[in-house]
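What follows is a short report on a single structure.
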Amino acid sequence: MDKLLNEKFFNQDTSLVAQELLGKFLVRNINGKEIALIITETEAYDGPNDKASHASKGKTERTKVMFGKPGIFYVYLCYGMHYMLNIVTREKEYPAAVLIRGVVAQNSSIVLNGPGKVTKFLKIDKNLNTQKAEKKSGLWFEDRGMQQGKIQKTPRIGVAYAGPLWASKKLRFMIQNV
DNA sequence: ACGATGATGAAC
DNA sequence: TTCATCATCGTA
């Protein structure tokens, strides 16, 4: 039984959602073909005080989606060439999201380790920004009952600018064996 | 180790 | 309107 992850799932503590997403499936529909990949790596960006989060600067044109309802995609361009895929968490007006950093195919024929690779392979761009994670939008999450192995926790990547306190927090989550 | 490449936000 | 900055990746 495939279970679609809904708004209720994403309306929880951000680091909890980030960890729960490991072992779940990210499903993409491109021209009627479905591609399902297992999520292996995520990062949590939680709250207005997280200096590594875009939302720490307050609500702006770009970041207002993070203040919206959970279960909505936040997609933005980084370094002028890579789109980053995030899913908004927590209740409305609380800015938080989980960055999808890595996925693999069930038979390991595809390994995408890095947020830019994931979005490039799945043809994710700004069209999905502010869209809801459901079949209608062509990109969604499913629980297919996979066992998740041991979760490894490390500091987040590329967030040194956030200062030692926030850069050192272990909000990056990975699973090894799939 | 480093350059590509453009949207974003803050300053002027 | 201009400028510095950046949740990265591929090539060397």
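Per chain, numbering begins at 1; letters A, B, ... match sequence-line order.
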Looking at A:W166 and A:N49, would you say the former's side chain and the latter's main chain have a donor-acceptor pair under 3.5 Å?
yes

Please determine, for the side chain of A:L77, which listed nucleotide (C:dA7, C:dT8, B:dA7) has the closest atom?
B:dA7

Given atom CG of A:L112 and atom P of C:dC9, what is their separation to the nearest angstrom?
10 Å

Stretch residues 54-62 of chain A: residues that reach within less than 4.0 Å of DNA chain B through a heavy atom
A:K57, A:T60, A:R62

Rounded to whole angstroms, how far apart are NZ on A:K64 and P on B:dT8?
11 Å

Does atom CD of A:E34 have more than 12 heavy-atom neighbours, drawn from other residues, nucleotides or ligands, at distances under 6.0 Å?
yes

Watson-Crick or G-U wobble mate for B:dT5, both contacts under 3.5 Å:
none

Rounded to the nearest angstrom, tell me the gap between atom CD in A:E41 and atom P in C:dT8.
10 Å

Find the partner of C:dA7: check Watson-Crick (N1-N3 plus N6-O4 or O6-N4) and G-U wobble (N1-O2, O6-N3) distances, both under 3.5 Å, and reply none if neither fits.
none

Spacing between A:I100 atom CD1 and C:dT8 atom P, to the nearest angstrom:
14 Å

Side-chain donor/acceptor of A:T119 to backbone N/O of A:Y83, under 3.5 Å:
yes

Heavy-atom donor-acceptor pair, A:D50 side chain to A:D46 backbone, under 3.5 Å
yes

Considering every strand and a 4.0 Å limit on heavy-atom distances, what is the contact class for A:K126: base, sugar-phosphate, or nothing?
sugar-phosphate

Is there a residue in residues 80-99 of chain A whose heavy atoms reach under 4.0 Å of DNA chain B, and which residues are they?
A:G80, A:M81

I need the full list of salt bridge (charged side-chain N to carboxylate O under 4.0 Å, His left out) pairs touching residues 70-97 of chain A, with sequence neighbours left out, sorted by first then second residue.
A:K59-A:E93

Measure from the ring centre of A:Y79 to the centre of the six-membered ring in the base of B:dA4, then say whether that distance is under 5.5 Å and the planes meet at under 30°.
no

Between A:R172 and C:dA7, is there a side-chain N or O to OP1/OP2 distance below 4.0 Å?
no

Is the centre of the A:Y45 ring less than 6.0 Å from the centre of the A:H54 ring?
no

Nearest-angstrom distance from the residue atom OH of A:Y76 to P of B:dT8:
12 Å

How many Å lie between OH on A:Y161 and C1' on C:dA4, as a whole number?
15 Å

Any donor-acceptor N/O pair, A:T60 side chain to A:T63 backbone, under 3.5 Å:
yes

I want to know whether A:F141 and A:F10 have ring centres closer than 6.0 Å.
yes

A:N129 CG to B:dG6 P: how many Å, rounded?
19 Å

Rounded at 0.5 Å granularity, tell me how far CG in A:L26 sits from OG1 in A:T40.
10.5 Å

